[in-house]
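This one's a predicted model, so the numbers in the text were calculated from it and none came from an experiment. Nothing fancy with the numbering, it's 1 onward along the sequence.
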Amino acid sequence: MGTSTLAALAGMGLFAIVVMIVVGIALAALVLSVAFRLAVGYMPSYLRALGAVVLTWIAGAVAMVVIGMVSSGGAGGFLSLAVQFLVGAAVVNYLLLSQNGSQIGFGKACVVQVIYLVIFLVLALIFAALAAVFFGGMLAHA
């Protein structure tokens, strides 16, 4: 294989990663909008939900780096999960407003986050089951 072939393969892999990130962010914003609708009673702007997802991911990454510096072992994993949840709830409370333009409150934002995580867990289980059936069928016929 020449270097141009390897460069083309690396570029295709990088493109696939970028597409997966963009689709993941778009899907996460849609799920957040649905979770907000279920908890608060109306659908927020999709662009605001998109901004909330991106800001949550950035703030969560910064928080995980800080937690990684100050903790070690298994407690750090649980602590980072809890911080990620609380950061997400704070961003939802700050960016996704009620119909009258006021904040929904941190408690209701936590409910939105719980619904958001449950929806994502169900989607992940469905995707894993489909992948297991698909790849299991491929392996059975090989």
Could you grab the distance from atom CG of Leu79 to atom CD1 of Ile67, nearest 0.5 Å is fine?
4.0 Å
Here the gap from Ile115 atom CD1 to Arg37 atom CZ, rounded to the nearest 0.5 Å, amounts to 12.0 Å
So Phe85 and Val114, side-chain contact (heavy atoms from CB on, under 4.5 Å) or not? Walk me through it.
CA-CA 8 Å; Phe85 176 82; Val114 167; 3.8 Å; yes
In terms of hydrophobic clusters joined by side-chain contacts under 4.5 Å, are [X] and [Y] together?
X      : Y      : value
Trp57  : Val62  : no
Tyr94  : Ile58  : no
Leu123 : Leu117 : yes
Phe36  : Leu30  : yes
Val31  : Val91  : no

With [X] as reference, evaluate [options] under the side chain to side chain contact (heavy atoms under 4.5 Å, CB included) test and give the passing residue.
X      : options                : result
Gln113 : Leu32, Asn93, Val118   : Leu32
Val122 : Ile126, Leu125, Ile119 : Ile126
Val23  : Val19, Ile21, Ile25    : Val19

Can you give each donor-acceptor pair under 3.5 Å made by side-chain atoms of residues 42-56, sequence neighbours left out, with the distance rounded to 0.1 Å?
residue, atom, partner, partner atom, Å
Tyr42, OH, Leu97, O, 2.2
Tyr42, OH, Ser98, O, 3.3
Ser45, OG, Leu47, N, 3.3
Tyr46, OH, Ala26, O, 2.8
Arg48, NH1, Leu95, O, 2.7
Thr56, OG1, Ala52, O, 2.6

Close side-chain approach of Ile104 to Val92, heavy-atom, < 4.5 Å
yes
Going by heavy atoms in the side chains, are Tyr116 and Val34 under 4.5 Å from each other?
no
Quick one: closest heavy-atom pair of Cys110 and Ala89, and the distance?
SG-CB, 3.8 Å
